Amino acid sequence: MIAGVSPDLPHTAHLPVSKELGLRLMKPVAATIIRSYWRVHLHGEENVPRAGAAILAANHIGVLDGPVLVALTRRLTFALAKHELFTGLLGRFLAHVGQIPLNRRSIDTAAITRAIQILRAGDVLAVFPEGSRTGGEVTYARGGAAYLAMVTGAPVVPVAILGTREIGHTRGQLPGRRRPIHVVYGEPLAVPRSDWPRRKAAVAEWTELLRSRLAGHVLAAQGMTGLPLPGPALREL
């Protein structure tokens, strides 16, 4: 057993270390590209803990959400992303910078274990509780963020992302050049670490609490920034 690690946590010592070098090299490049094309505004950055594990739980409206969160969050951040992205050149790039493929159609134990490893290492994990791109109101949330917080004790920072999809756009469209994008970090929510067994009812209760907190934060962020959610996406042609 690893010193200081609870025996009920999944064992992750056998996994390769996080690919921090690739991410550290590409993060400033990606941030420069994003900032040069869009007008990005970050709010509440002080709410992201300066050290130690943290989970960023964000609403999900556009294809840019993951890149924006990973590139512009001041801490080194790894994100869970749908496994369909991990093919071809893009897939090799995502793997090179340590991002985590997630099968959303089943309980992906490999992705869960990898996420726990990142949090146990004291890094930041980005999660989109809605599970797919939506209107961004967070009317529904999956239990992954709550479960990971209960396993590791990592605080959950609600994040409102606005402007990564415009009104009337499809889910895959990018906003126009120099359009505003706002990323609003909310106050962290402390989730007590829970020993095994973590009952479904407890996970569901924390999931609803996180969903409600994130939904309220997104609503407040709209009022603060003056930028509304894009609403339902058009069908892809």
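This chain uses plain numbering: 1 for the first residue, then up along the sequence. The structure presented is a predicted model; accordingly, all values stated were derived computationally and were not measured.
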ILVMFWY network linking [X] to [Y], side-chain heavy atoms under 4.5 angstrom:
| X | Y | answer |
| --- | --- | --- |
| Val124 | Tyr185 | yes |
| Leu76 | Val156 | yes |
| Val63 | Met26 | no |
| Met150 | Val127 | yes |

Going by distance alone, is a donor N or O of one side chain under 3.5 Å from an acceptor N or O of the other, for Thr134 and Tyr140? no

Does either side chain, that of Gln117 or that of Arg120, offer a donor lying less than 3.5 Å from an acceptor on the other one? no

Backbone N/O of [Y] and side chain of [X]: donor-acceptor pair under 3.5 Å:
| X | Y | answer |
| --- | --- | --- |
| Glu130 | Ala141 | no |
| Lys27 | Val70 | yes |
| Arg75 | Gly52 | yes |
| Trp38 | Pro175 | yes |
| His217 | Val184 | yes |
| Gln99 | Phe78 | no |
| Arg171 | Arg133 | yes |

Nearest heavy-atom pair of [X] and [Y]: which atoms, and what distance?
| X | Y | answer |
| --- | --- | --- |
| Pro230 | Ile61 | CD-CD1, 4.0 Å |
| Leu42 | Leu72 | CD1-O, 3.7 Å |
| Ala149 | Ile55 | N-CD1, 3.6 Å |
| Ala215 | Val138 | CB-O, 3.8 Å |
| Arg213 | Leu189 | NH2-CD1, 3.4 Å |

Min side-chain heavy-atom separation [X]-[Y] under 4.5 Å:
| X | Y | value |
| --- | --- | --- |
| Leu227 | Gln222 | no |
| Leu125 | Thr77 | no |
| Asn59 | Leu229 | yes |

Take atom [atom1] in [X]; do more than 12 heavy atoms of anything else shown fall under 6.0 Å from it?
| X | atom1 | value |
| --- | --- | --- |
| Arg178 | CZ | yes |
| Glu187 | CD | no |
| Arg179 | CZ | no |
| Glu208 | CD | yes |

Donor-acceptor pairs are to be reported for all side-chain atoms of residues 28-37 against protein atoms at under 3.5 Å, with residues two or more places apart or in another chain.
unit_1 : atom_1 : unit_2 : atom_2 : d
Thr32  : OG1    : Pro28  : O      : 2.9
Ser36  : OG     : Thr32  : O      : 3.2
Ser36  : OG     : Ile33  : O      : 2.8

Among Val183, Val157, Val159, Leu56, which residue meets the side-chain contact (heavy atoms from CB on, under 4.5 Å) test with Thr73? Leu56

What residues join Leu219 in its hydrophobic cluster, counting side-chain heavy atom gaps under 4.5 Å, either direct or through other members? none

